[in-house]
There are 2 protein chains.
Amino acid sequence: MNDVIGHLKKNGIKPSFQRIKIFEYLVTKENHPTVEMIYKELVNEIPTLSKTTVYNTLNLFIEKKIAHTIVIEENETRYDSHMEVHGHFKCEKCGTIYDIKIDDKISEIKSLDKFQIDEQHVYYKGICDKCLQKNLN
Amino acid sequence: MNDVIGHLKKNGIKPSFQRIKIFEYLVTKENHPTVEMIYKELVNEIPTLSKTTVYNTLNLFIEKKIAHTIVIEENETRYDSHMEVHGHFKCEKCGTIYDIKIDDKISEIKSLDKFQIDEQHVYYKGICDKCLQKNLN
DNA sequence: GTATCTGCAAAACATTTGCAATTCT
DNA sequence: AGAATTGCAAATGTTTTGCAGATAC
């Protein structure tokens with residue numbers, strides 16, 4: 001909890017109650033949530049919370065580079081506080097988004113020789129092992 | 001033009017005028033357009049065209065697997081009739097989306113051992129060589 | 001003549017914006 | 001008090017839906 005406050009401060013963000021709770025949610029859940037998911041859970045703890053604040057706060061986190069968006073499904077933006085380069089796998093059955101390690105393959109792509117690459121995004125869709133095992137029954 | 005009609009028929013799509021024109025647009029432009037881009041250009045040729053028809057038609061193409069969506073920017077779905085596995089590069093300056101070849105690296109990803117992978121998506125963002133050269137002046 | 005296709009208008013969502021009220025120091 | 005933050009209500013933008021009229025076979 002204190003490390004969350006420190007992390008916010010270190011990145012130039014005043015640690016208001018809402019901001020602390022939202023960042024805490026991202027870090028502890030690690031579930032790549034939508035705004036809806038964050039709102040629905042936190043409104044129990046903070047009854048006056050509005051979605052506007054969730055949007056404002058997440059946009060602030062992105063501006064300050066302590067979070068980023070994951071775009072896998074059109075019309076469903078998800079958020080992640082895990083900032084190292086990594087990929088994702090979305091299970092089409094249960095909807096879970098898994099983090100996956102990806103190596104840095106940028107240099108191998110010949111067609112991008114003279115291009116300046118700022119971001120690399122990799123994701124897969126399919127069915128996760130848990131859902132595959134359920135289907136065996 | 002005739003090959004477009006043939007392609008539509010072969011995939012179980014009745015080749016109406018609108019469908020032919022929209023598919024022709026995808027194939028000849030190869031520009032990964034938004035609905036807006038398709039609509040704005042084709043409404044010149046087909047003055048009664050509606051965006052609903054563009055949406056309906058693209059959704060039909062996707063259902064019949066002769067097109068797919070590219071999701072790079074949230075709130076901006078793009079469409080592609082190039083069906084082989086490939087990646088994309090989006091230039092943040094000029095907005096152009098380039099196709100890039102990617103090798104099939106799926107088997108190398110250990111953490112996905114027991115997962116069933118149905119789709120692989122790779123894209124980059126940065127600045128393309130044309131825009132980089134303009135900046136030298 | 002019956003099926004399908006098209007396109008308008010309205011609805012459904014997700015996200016942003018304007019602004020007034022609240023909070024913090 | 002003054003500045004920043006919050007949250008409501010309205011606006012915006014994208015995509016879908018319902019349905020009536022047009023088109024095609």
Side-chain angles (χ1 to χ4, degrees), chain A residues 4-5 8-9 11-26 32-64 66-80 95 97, chain B residues 4-5 8-9 11-26 32-64 66-80 95 97:
Chain A
V4 166
I5 294 176
L8 295 178
K9 281 187 182 169
N11 287 281
I13 297 169
K14 277 196 193 164
S16 76
F17 187 62
Q18 286 85 339
R19 290 168 178 177
I20 294 167
K21 286 298 176 189
I22 291 169
F23 194 73
E24 235 172 52
Y25 180 100
L26 286 180
H32 316 88
T34 59
V35 164
E36 190 67 24
M37 288 162 72
I38 299 172
Y39 174 77
K40 274 197 180 158
E41 173 131 347
L42 291 185
V43 79
N44 295 320
E45 273 185 88
I46 316 168
T48 62
L49 184 67
S50 81
K51 274 190 195 172
T52 301
T53 298
V54 179
Y55 277 108
N56 288 342
T57 301
L58 291 168
N59 286 339
L60 177 67
F61 289 171
I62 289 164
E63 191 192 315
K64 299 296 190 181
I66 63 167
H68 62 105
T69 57
I70 306 170
V71 184
I72 293 185
E73 231 61 71
E74 50 246 75
N75 71 45
E76 176 179 275
T77 304
R78 290 169 172 272
Y79 297 85
D80 195 353
I97 294 179
Chain B
V4 166
I5 295 175
L8 295 178
K9 281 187 183 169
N11 288 279
I13 297 169
K14 277 195 196 167
S16 75
F17 188 62
Q18 287 86 338
R19 289 169 179 177
I20 293 167
K21 287 296 176 190
I22 292 170
F23 194 72
E24 235 171 52
Y25 180 101
L26 287 178
H32 316 88
T34 59
V35 163
E36 191 67 22
M37 290 162 71
I38 299 172
Y39 174 76
K40 273 198 181 158
E41 173 133 347
L42 291 186
V43 80
N44 295 321
E45 274 185 87
I46 316 168
T48 61
L49 184 66
S50 81
K51 276 191 196 171
T52 301
T53 298
V54 180
Y55 277 108
N56 288 343
T57 302
L58 291 169
N59 286 338
L60 178 67
F61 289 171
I62 289 164
E63 190 192 316
K64 298 296 190 182
I66 64 169
H68 62 105
T69 57
I70 306 171
V71 184
I72 293 185
E73 231 61 70
E74 49 245 75
N75 71 46
E76 176 179 272
T77 304
R78 290 168 171 272
Y79 297 85
D80 195 354
I97 294 179

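Below, all heavy atoms of this structure are taken into account, side chains as well, without hydrogens, waters or symmetry copies. Every chain is numbered from 1 and lettered A, B, ... according to where its sequence line falls, protein lines coming before strand lines. Model, not experiment: these values are computed from the prediction.
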At under 4.0 Å between heavy atoms, how does the protein contact nucleotides 6-17 of chain C? Give one character per nucleotide, 5' to 3', with B, S or -. SBBB----SBBB
Pairing partner of D:dT23 (Watson-Crick or G-U wobble, both distances under 3.5 Å): none
Hunt down the Watson-Crick or G-U wobble partner of C:dT23, both distances under 3.5 Å, from any strand shown, or write none. D:dA3
Residues in side chain to side chain contact (heavy atoms under 4.5 Å, CB included) contact with B:Asn59, at least two apart in sequence or another chain: B:Ile62
Write out a two-atom table: protein N or O, nucleotide N or O from nucleotides 19-25 of chain D, distance below 3.5 Å.
none

Whole angstrom is fine here: how far is it from NZ in A:Lys21 over to C1' in D:dT5? 18 Å
Rounded to whole Å, the CG-P distance (B:Leu8 to C:dT4) equals 18 Å
Go through the structure and list residues passing salt bridge (charged side-chain N to carboxylate O under 4.0 Å, His left out) with A:Glu73, not counting sequence neighbours. A:Lys90, A:Lys125
Quickly work out the A:Glu73 CD to D:dT16 P distance and round it to whole Å. 12 Å
Those residues that, when tested against B:Arg19, pass salt bridge (charged side-chain N to carboxylate O under 4.0 Å, His left out) (two or more places apart): none
Pair listing, salt bridge (charged side-chain N to carboxylate O under 4.0 Å, His left out) test, anchored in residues 48-57 of chain B, at least two apart: B:Glu36-B:Lys51
What is the minimum heavy-atom distance between A:Glu45 and A:Pro47, and which atoms define it? O-CD, 3.5 Å
Check side chain to side chain contact (heavy atoms under 4.5 Å, CB included) between B:Lys9 and all other residues, then give those that pass, not counting sequence neighbours. B:Ile5, B:Pro15
If I take atom CE in residue B:Met37 and atom C1' in nucleotide D:dT14, what distance separates them, rounded to the nearest angstrom? 16 Å
Residue list, side chain to side chain contact (heavy atoms under 4.5 Å, CB included) with A:Asn56, at least two apart or on another chain: A:Thr52
Once ring pair (Phe, Tyr, Trp, His ring centres under 6.0 Å) is applied, do any residues pair with A:Phe61, and if so which ones, sequence neighbours excluded? A:Phe23
On a heavy-atom basis, which atom in B:His32 and which in B:Arg78 lie closest, and how many Å separate them? O-NH1, 2.7 Å
Quick test: give all pairs of protein nitrogen or oxygen and nucleotides 22-25 of chain C nitrogen or oxygen below 3.5 Å, distance rounded to 0.1 Å.
none

Under the ring pair (Phe, Tyr, Trp, His ring centres under 6.0 Å) definition, can you give me all pairs with a residue in residues 35-57 of chain B, not counting sequence neighbours? none
Listed by chain and number, what are the side chain to side chain contact (heavy atoms under 4.5 Å, CB included) partners of A:Thr53, not counting sequence neighbours? A:Gln18, A:Leu49, A:Ser50, A:Thr57
